[in-house]
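Each remark here refers to the structure printed beneath this line.
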Amino acid sequence: MHIGSIQLIEFRNYRTLSYTPSPRLNLLTGPNAQGKTNLLEALAFLLVGRSFRTSRLGDLARWGESSAAVSGELRRQDTSRTIRRTVRMLEDSRWQAAGESCPWARVIVFGWQDLSILTGMPAARRAFIDGVAGRIYPSHLPALGRYRQVLARRNLLLRTRPGEAALAPWDEQLAAVGTELIDRRRRATAMLQTELARIYPAVSGERHKTEIRYRTELGEATEPAALLAAIARVRRDEIRRGQSLVGPHRDDLVLELDGIDARVFGSRGQQRLLALSLRLAEVLPVREAAGTTPVLLLDDALSELDGTVRGHVLREIQTAEQVFLTAPEPLRVEGAARWDLRAGGLCAA
Ligand SMILES: Nc1ncnc2c1ncn2[C@@H]1O[C@H](COP(=O)(O)OP(=O)(O)OP(=O)(O)O)[C@@H](O)[C@H]1O
Ligand SMILES: [Mg+2]
């Protein structure tokens, strides 16, 4: 799929902007603080109605304005769909989003915050794998919401030092939804592994062996009974500490480069390239699941990479469909559409 056109009104630092991108590679360049990331954010908002930077809707409207709008045309094969999304401030100062959605629209975003997949706490890796699983399996995020509710209720109960009978129904629910989540996360991890094994050597230009594994207390088990048994093993500890100690909320991803923990020993460039490769590794699984190639938004994806690696990355991303790549300095890539951004305005470079 691709974005045929987009119009912004009072969105971030843009008063009005009308942009007709290329269906392939778009290079968006310009000095710092001109609106490159803001434009990517508008593209993501058009596609899926969410920002990748904030959950505060009010941040999206230009300062001092009480509404913002993004509209545009999404295309895939012979179909096209016009989408309009708005955020506006209500009388009680809360912000509200409105607009129709497009069930086949998919977007994959890479930004500097993705370095936390390698350098951050386990929660960052869980958020990453849940995002991937959510784009592949539409039922994943609703199940995650249910799991969080069960977990919160169970944790509240644990603080009252309950007996086994009171906990039993919560254990069952936690184990049932928890196993469902673990199963989808594992499958998503396996898909990423297959793609990563091809992409990382291609972009690094070296024959590195990469590995991504899902790590859970359950080991290889796939049945809710295994999670129930694990819960039973830690029950005393859980009651003493007043919190649930096993389940997908405690799991993690292992990332290795040539058999070594890339989270601890990877160089900064390697970690950035691995994070970018993980995002690129999503393209094919998402395409197969959603029946359409996702739009790629790559924010400053070349920084901290050496010249040779940059060349490999540019070649790799051209195999996707529509790509938007930002950079603070001019880039020349054959066949790419180039745009120059200055203070909330845009012109063909
Ligand atoms: N709601 C808003 N209203 C008006 N301006 C905003 C709003 N939110 C952010 N800005 C401003 O938009 C400007 C551009 O931000 P953006 O993050 O898009 O820059 P950028 O071109 O990606 O820069 P960099 O190269 O440093 O990443 C910033 O100066 C920021 O202060
Ligand atoms: Mg930026």
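All values below were derived from every heavy atom in this structure, side-chain atoms included, with hydrogens, water molecules and symmetry-related copies excluded. Here the structure is a predicted model, which means the values were calculated and not measured.
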If the threshold is 4.0 Å, N to carboxylate O, is there a salt bridge linking Glu10 and Arg15? yes
Do the charged groups of Glu211 and Arg213 touch, with an N to O distance under 4.0 Å? yes
Closest heavy-atom pair and its distance - Ile136, Ala289: O-CB, 3.5 Å
Thinking salt bridges, do Asp130 and Arg185 make one under a 4.0 Å N-O criterion? yes
Are Phe45 and Leu74 connected in a single hydrophobic cluster, I mean Ile/Leu/Val/Met/Phe/Trp/Tyr linked by side-chain heavy atoms less than 4.5 Å apart? yes
Salt bridge present between Asp171 and Arg235 (N-O < 4.0 angstrom): yes
Check the orientation of Tyr147 and His249. Use parallel for under 30°, tilted for 30 to 60°, and perpendicular for over 60°. tilted
In terms of hydrophobic clustering (I, L, V, M, F, W, Y; side-chain heavy atoms under 4.5 Å; direct or indirect links), are Leu46 and Val87 co-clustered? yes
Shortest non-hydrogen pair, Met1 vs Ala105, comes out as SD-CA, 3.6 Å
Arg56/Asp59 ion pair, N-O < 4.0 Å: yes
Taking the basic N atoms (NZ, or NE/NH1/NH2) and the acidic carboxylate oxygens, is any pair closer than 4.0 Å for Arg279 and Glu282? yes
Contacts table for residues 295-302: side-chain donor-acceptor under 3.5 angstrom, sequence neighbours left out:
from, atom 1, to, atom 2, distance (Å)
Asp299, OD1, Thr37, OG1, 3.3
Asp299, OD1, Thr326, OG1, 2.7
Asp299, OD2, Thr37, OG1, 2.7

Does a salt bridge link Asp252 with Arg263, judged by any charged N lying under 4.0 Å from a carboxylate O? yes
